[in-house]
Number of protein chains: 2
Amino acid sequence: MAKSLTSIAAVERDTGLSKDTLRVWERRYGFPTPLRDGNGERVYPRDQVEKLRVIRRLMDSGIRPSKIVAEPLSKLNAQLASRLVADQQPPGECLAFEAVLRVLKAHQATKLYQQLAHELGRRGPKGFVLDIVAPLNTFIGAAWAAGRIEIFEEHLYTEQVRILLRQSLGTLMPDARMPCVVLTTLPGEQHELGILMAQACLAVDGAHCISLGVQTPIPDIVKAAHAHHADVIGISCSEAMRINRVREGLADLRMNLECEIEIWAGGSLWRRAKNAVPGVKPMVSLTDIPSALDAWREKRVFREHQGNPSG
Amino acid sequence: MAKSLTSIAAVERDTGLSKDTLRVWERRYGFPTPLRDGNGERVYPRDQVEKLRVIRRLMDSGIRPSKIVAEPLSKLNAQLASRLVADQQPPGECLAFEAVLRVLKAHQATKLYQQLAHELGRRGPKGFVLDIVAPLNTFIGAAWAAGRIEIFEEHLYTEQVRILLRQSLGTLMPDARMPCVVLTTLPGEQHELGILMAQACLAVDGAHCISLGVQTPIPDIVKAAHAHHADVIGISCSEAMRINRVREGLADLRMNLECEIEIWAGGSLWRRAKNAVPGVKPMVSLTDIPSALDAWREKRVFREHQGNPSG
DNA sequence: AATTCCTCATTGTCTATGACAATTTTGGCT
DNA sequence: AGCCAAAATTGTCATAGACAATGAGGAATT
């Protein structure tokens, strides 16, 4: 276990902060303060990378860099811990959630799976998603933001939910009057859970769903929309994404799609983002999905009466 | 559908070519030749972005930029088409593969699933992976590289295989004499199929597998390895990755892990990469997995006899 | 004839600093 | 309080030169 010094590219990879940002912070805030190698290239000590990762987490929860970049690590950790208390709106079932967290931290994947499968069996796909997965998701996300769990533990959780949802979604039959929805995330967004939850909600209401997986380039989303004759494109955005990037991506997508094809943008990001992108329907909560589907059907029926009464 | 001009950031997102690379190509090869907006910032016409995407594909199959960046698009497309013939080593079952491709291009996800499920039922998990999925995967990858299918169609295929493998892997029990393997990909690598195939091969031989999903940051891989008391870290690398990045990432990982923990790096990338990373075991084919497991067990038995006969 | 080694060309990434647009915050004014 | 303008904040883009790591081609050796 050597000194573990990292290049600027490695820091970008590990923290998600761009090279430009890292250099400009050094210039403006006096942090980080990398050493230099023989070529005059930046070399970051491990503890500075760790601090950068903490900063990144705090920024994801809305804090601006000037307030934190120059602060000592101990203060940042304290702030991280206090975030949990602020974010957490105990939803009644909070105790059970703490139990899930314990199982997760013990890395008992099988036990976690069984507990969740029990709930799925009891409530069915829709109830499972709305009453369990959605709030539990928020809870797990908050636990991560507060430093209570590691990202690989979050992955472990995601994995179990994913398997469960995939299994239960296979049996549902689509309804011809409902839209064909293509689901994916924008490049840079790795969280698949949002898509899966949306897919569950859409499928139980009879919509025909096609998931492209995560991180589909914009031109490919457009091609997929045409190939599948999609009525709606669903994009899931987690709070880990930069709002600017998402806005730019959605505007780009909107510009390249026929306006008959709707774009629905859901995910926890939209709690933070105030103004939406023109021509894109923001879905703050999963409960917006049924009403959006109703609205779509209404509009479609109306349009058919108007323009094409026989078809 | 406006003129669709894109910023350099959007081009980076859509092509995977870094901003630095885009600027330096312009300087060196005279392509791309973006317009400039009011601020003097690059604005790329749509057709140039399309050409860049073709170039990217050709580079992923090993061609160097100086040979192709300045060429006209028509030549590049011809080259792309000829790649398929060159790459494709008909593995006997070639006709069936073409049929799969047809189903895929018709977007008949259910039919595709049924065909694959039939093979899984007939051959069991291991045979299915070795005889069907592995070669089919190569074939689908080649079809993508040759421009015969779109990336979202590849995703559709991946999705079906993923569901099937997940289902059949759930029933297998690990063997206590076999290593605990943590599986993931490096940041930037989005292809999960490699992990799934590795997991299938490992699990049928009794190894205890934990998948972290894709794109785990190096520090998190290290933490996960410790938390799960992993014996082996398995990293899957597709040919879409830049070899440099992978080498750097693996060297970084090796430096931060105790040397008792082995690193096995598999995936189609290693057909192209000649020299491996020190301390990392390259796995060219899935068939290397059983022998690697045997070797691991041998070594472990030997070590226990030497140092710790009672435990 | 095959293999190893050496050299040259290729290529991506890094450096530095200035500029600016987009957003958020602040302060003053109804 | 509520709202608008001014100011501060912040990320990204531009420029051009430098260099290390890789690949390719040829020469020398086994």
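A, B, ... follow the sequence lines: proteins, then strands. Residue 1 opens every chain. All values reported here derive from a predicted model rather than from experimental measurement.
Side chain of A:T6 to main chain of A:Y44: a donor-acceptor pair is present (N/O by atom type, distance under 3.5 Å, no hydrogens or angles).
A salt bridge is absent between A:K281 and A:D288: the closest approach of a Lys/Arg side-chain nitrogen to an acidic carboxylate oxygen does not fall below 4.0 angstrom.
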Margin query: Could you walk me through whether A:K19 and B:D20 satisfy the salt bridge (charged side-chain N to carboxylate O under 4.0 Å, His left out) test, starting with their C-alpha distance in whole Å, then the side-chain angles of each, then the deciding distance to 0.1 Å, before giving a yes or no?
Written below: CA-CA 11 Å; A:K19 291 167 192 154; B:D20 270 334; 5.5 Å; no
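Taking atom CG of residue B:D37 and atom P of nucleotide C:dA19, one finds them 18 Å apart after rounding to whole Å. In this structure, A:R13 atom CZ and C:dT13 atom P are separated by 13 Å, rounded to whole Å.
Of the options A:Q48, A:R42, A:E26, a side-chain hydrogen bond (donor to acceptor under 3.5 Å, both in side chains) to A:T33 is made by A:Q48 and by none of the others.
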Its contact letters, B for base, S for sugar-phosphate only and - for none at protein heavy atoms under 4.0 Å, make nucleotides 8-15 of chain D read -SBBBBSB
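Every pair passing salt bridge (Lys or Arg N to Asp or Glu O under 4.0 Å) that includes a residue from residues 50-59 of chain A is listed here, sequence neighbours excluded: A:E50-A:R53, A:R53-B:D220, A:R56-A:D60.
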